[in-house]
Amino acid sequence: ANEIGKYKVYLQDLKSGDRKVIHKLGFKNALQATDYDYPLLAWNPNNMEVAVIYEKHDVPKLMIYDINTKDKVTEDLDPQFQRVYSMDYVNPGQMVFSAAVRGFSDIFLYYPTTRQTQRITNDFYDDLDATFVKIRNKKGILFSSNRDDVMVQRLRMDTILPLNNLDLYYYDLENKSTELVRITNTPGIDETQASAVDSTWF
C-alpha cells in the first residue's frame, strides 16, 4: 500500500485473512512525485523468506524477512548500485537483479549470504525486468532490452544512446555463453515484465 509516498508491505495469510506489516517507510508528500518503483518484493524458493528491496537516503537496501521467526536482516547493497529496477530468486542463495551502475542498467547475479556480485551484461543498452526461468530443466534469465546486439560484453559507446523498443532476451545460466538468445523482434512495441508459466512456456 502506498499513500502518496508513505508505504507499507503486508504479509497476508490466505486461509485466515490475517495480515501483518513487515516493512514500512516514507511519509506522505503531496508536492513530490510518488516513487512507485520501490519497494521490490520476491519470495525465496524455500517459501520461508520474503526479500524486500527499498531505498533510504538514496541507498538501496535489501531486507530479508523470515516468516517463521519474524526476524529481519537488513543490509546495504553494493554502493555501485545506483538503483535496482527488478529482482528475482534463482535459488535460495542466489538472486538476479536488473540495476543501474554508472548510469547504465545491466543484469547481475547477487549472493545475499556473501554479498558478492557477478555481472552478466555490461554495455550501454537498457536491460530491465530480469526474471529467472527454468525451461525444459535449463536455467536461464529472461529480460527486456532495447539492444540490437546479442553479445553480453561492452561495446564502444556511440554518441547517441539507443532508442529502440524493448524486446525479450534469454541468457543461459548453465552454459554462460557470451551470446544472448533473442526471443522477440517487434519494432514499435515494448515487451516487458516477462514471467515463467511452467517448465515449457513463459
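Values in this document were obtained by computation on a predicted structure and should not be read as measured data. What you see below is based on every heavy atom in this structure, not just the backbone, and it leaves out hydrogens, waters and symmetry mates.
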Between [Y] and [X], is there a side-chain donor-acceptor contact under 3.5 Å, judged purely by atom types and distance?
X	Y	value
D127	S105	no
T131	D88	yes
S144	E191	no
Y125	N164	no
Q94	Y111	yes
S177	D172	no

Are any of the side-chain heavy atoms of [X] and [Y] separated by less than 4.5 Å?
X	Y	answer
S195	F202	no
K56	L25	yes
R182	Y170	no
N175	K138	no
Y169	I183	no
N2	Y36	yes
D13	R19	no
R119	D106	yes

Could you report the tightest heavy-atom contact between [X] and [Y], atom names first, then the distance?
X	Y	result
D126	N146	N-OD1, 2.8 Å
L168	T184	N-OG1, 2.9 Å
D37	D35	N-OD1, 3.0 Å
P60	Q82	CG-O, 4.2 Å
A130	S98	N-OG, 4.0 Å
V84	L40	O-CD1, 3.5 Å

Output the distance between atom [atom1] ([X]) and atom [atom2] ([Y]), rounded to the nearest 0.5 Å.
X	Y	atom1	atom2	result
Y10	K24	OH	NZ	9.0 Å
T192	L166	OG1	CG	7.0 Å
N165	I189	CG	CD1	8.0 Å
L62	M95	CG	CE	5.5 Å
H57	E55	NE2	CD	11.0 Å

Self-check item: Y110 and F81 aromatic ring geometry - parallel, tilted or perpendicular at 30°/60° bounds
Solution: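 Because their plane-to-plane angle is over 60°, the rings of F81 and Y110 count as perpendicular.
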
Quiz item: Does a salt bridge link R83 with D58, judged by any charged N lying under 4.0 Å from a carboxylate O?
Solution: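 No salt bridge links R83 with D58.
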
Exercise. Please determine if D78 and R115 form a salt bridge, counting it only when a charged side-chain N lies under 4.0 Å from a carboxylate O.
Key: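 So D78 does not pair with R115 through a salt bridge.
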
Just by modelled atom types, is the [Y] backbone N or O under 3.5 Å from a matching donor or acceptor in the [X] side chain?
X	Y	answer
K72	I22	yes
D167	T186	yes
D66	E49	no
T74	M63	no

Quiz prompt | side-chain contact (heavy atoms from CB on, under 4.5 Å) assessment of L109 paired with F97 | solution = CA-CA 6 Å; L109 291 176; F97 292 165; over 6 Å; no

Quiz item: K70 and K20: side-chain contact (heavy atoms from CB on, under 4.5 Å), yes or no, with the steps?
Solution: CA-CA 10 Å; K70 299 178 176 55; K20 172 186 175 65; 4.2 Å; yes

Self-check item: Stepwise ring pair (Phe, Tyr, Trp, His ring centres under 6.0 Å) check, Y54 with H23
Solution: CA-CA 10 Å; Y54 63 98; H23 174 67; 4.3 Å; yes

Quiz item: Around Q193, counting heavy atoms of other residues, nucleotides and ligands shown, do more than 12 lie under 6.0 Å from its CD?
Solution: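 No, CD of Q193 has 12 or fewer neighbouring heavy atoms, counting only those of other groups under 6.0 Å.
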
Practice problem: Can you establish whether the number of heavy atoms outside E3 located under 6.0 Å from its atom CD is more than 12? | Solution: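 Check fails, neighbour count at 12 or below.
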
Exercise. Assess whether side-chain contact (heavy atoms from CB on, under 4.5 Å) is satisfied between V52 and K61, documenting all intermediate values.
Key: CA-CA 8 Å; V52 180; K61 296 177 180 289; over 6 Å; no

Exercise. Decide yes or no on side-chain contact (heavy atoms from CB on, under 4.5 Å) for F132 and L173, but give the supporting numbers first.
Key: CA-CA 9 Å; F132 172 71; L173 271 174; 4.1 Å; yes

